[in-house]
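Sequence lines set the chain letters: A, B, ... in the order given, protein chains first and strands last, and positions in each chain run from 1.
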There are 2 protein chains.
Amino acid sequence: MTGPARPRRRLKQPREDVMAAAMATIAERGLAELTIAGIGRQVGMSSGHVLYYFGSKDELLLQTLEWSEEQLAAERRRVLGGPSAPRERLDAVIDLYLPDGRRDPRWTLWSEIWNRTTAAEDVLRRQLDLELVWHRDLVALLAEGISRGDFRPLDPERFTVRLRALLDGFGVPLVIGLPGTDRGQTLEHVKEFLDDALTPAPAG
Amino acid sequence: MTGPARPRRRLKQPREDVMAAAMATIAERGLAELTIAGIGRQVGMSSGHVLYYFGSKDELLLQTLEWSEEQLAAERRRVLGGPSAPRERLDAVIDLYLPDGRRDPRWTLWSEIWNRTTAAEDVLRRQLDLELVWHRDLVALLAEGISRGDFRPLDPERFTVRLRALLDGFGVPLVIGLPGTDRGQTLEHVKEFLDDALTPAPAG
DNA sequence: AGAGGAAATTGAGTGGCGTTCAAACTTTCC
DNA sequence: GGAAAGTTTGAACGCCACTCAATTTCCTCT
């Protein structure tokens, strides 16, 4: 076996430092002021060194998003594994999904990465993979709620597509801080939608 | 010397030429390759001259989006003024709303402008104004359908917020060409949503 | 028609950015 | 100890949006 299998744990820490710095800068000052050299300054690296790790700014942004989604996935799993009713867990997952507020770095990264799409097939694939994680968890939760009779019987796959589209559409105004949008009201809107769509017809 | 024998051809509408060139370039080659100098080359202007008209690239993009939305508004008014039933007109408006396909320049501009938002209050206001045009038309159409009994009675204002969020969420994967997304299927999804939400309960 | 001011137009310059790269330094391993 | 591999630097490059002083074209008033 030629397996080097060397853990190279060394690499992990500086990369995470860089990604954490990127997230923090986006949250504090926005994407426009995020520069490679600036990130490097924050973590004590030269700009060249940052690119030695990530190859390009695009790659840095995408990996930062992936890293951020991994962390959120852990939280989501905790919520999903909880004991409460499917509907309560659904509400909690949606609360995790929607942006924290204006300039939420995770959503800002999403939005930026959409734009950079120069048709690179593998990048699109990676974006899709990130979405699928949410998708699958939502589908499973819906299926559980349906089988328990908590939710009206519907196609969980199709409904999840619809729900995610709705959430994405609601999320964007929140991240950019469009006047008149407010997280609380948005959550109410979503809940109203879920009430309309999921609540079983009152049985006679 | 070298004075041009003939006065340079004056562009009748230089600003529109620039905006049209920007839209065309986005559609053909994407936003990444859209440069001020490149646009200028297409319409026979220096880069400095383009900026003389628009002040900055951001301003050029926003004005191009506004211009593009004006044109679409004309089409929308034609559809809305048509004789067909509200539901048919609604479907037609939605067809106009959703992106043409990958790299639809209008949607690409939307997405880009979201990102550039560094909290400039007036820019946000102008984005909001663009959305309100669609919003008001949709609200009116829904109200008409409701009063005619074509649609279930519901709050047209709130429903329009929900519908636009859904459309925005469905639009993004289409513009970026996310694998597995297809305009026809998306339209079906939206129609299914409208059937679920608008169709009056079958009266006994 | 012609002068003179306003508008239009240019292109060279500026600064900042992402990215490259050769060279220098450090660690790893035989 | 020393070569190979990995790490780190910062100067250099090319590209870009944007500025600006200088020039040309247009318009208006007499």
Report yes if at least one side-chain N or O of [X] is closer than 4.0 Å to OP1 or OP2 of [N]; otherwise report no.
| X | N | value |
| --- | --- | --- |
| A:His49 | D:dT9 | yes |
| B:Tyr52 | C:dA8 | yes |
| A:Tyr53 | D:dT8 | yes |

If you take all heavy atoms of A:Ile39 and A:Ala22, which pair is closest and at what distance? CD1-CB, 4.0 Å
Can you give the donor-acceptor pairs under 3.5 Å from side chains of residues 146-154 of chain B to other protein atoms, not counting sequence neighbours?
from	atom 1	to	atom 2	distance (Å)
B:Ser147	OG	B:Ala143	O	3.4
B:Ser147	OG	B:Glu144	O	3.0
B:Arg148	NH2	B:Asp150	OD2	3.3
B:Arg152	NE	B:Thr199	O	3.0
B:Arg152	NH2	B:Asp196	O	3.2
B:Arg152	NH2	B:Thr199	O	2.8

Restricting to pairs with a member in residues 167-184 of chain A, which pass salt bridge (Lys or Arg N to Asp or Glu O under 4.0 Å), not counting sequence neighbours? A:Asp95-A:Arg183
Of B:Ser46 and A:Ala37, the one whose closest DNA chain C nucleotide lies more 5': B:Ser46
Under 3.5 Å, which protein N or O atoms sit close to an N or O of nucleotides 19-22 of chain C? Give each pair with its distance.
from	atom 1	to	atom 2	distance (Å)
C:dT19	OP2	A:Lys57	N	2.5

Answer with base, sugar-phosphate or nothing: what part of the nucleic acid does B:Leu60 contact at a heavy-atom distance below 4.0 Å? nothing
Which pairs of donor and acceptor atoms, one on a side chain in residues 73-80 of chain B, lie under 3.5 Å apart (sequence neighbours left out)?
from	atom 1	to	atom 2	distance (Å)
B:Arg76	NE	B:Asp137	OD2	2.9
B:Arg76	NH2	B:Asp137	OD2	3.2

Nearest-Å distance for atom pair CZ/P, residues A:Arg41 and D:dT9: 13 Å
Applying ring pair (Phe, Tyr, Trp, His ring centres under 6.0 Å) as the test, list every pair that has at least one member in residues 164-183 of chain B; sequence neighbours left out. B:Phe170-B:His189
Hits for salt bridge (charged side-chain N to carboxylate O under 4.0 Å, His left out) against B:Glu59, two or more places apart or cross-chain, chain-then-number order -> B:Arg126
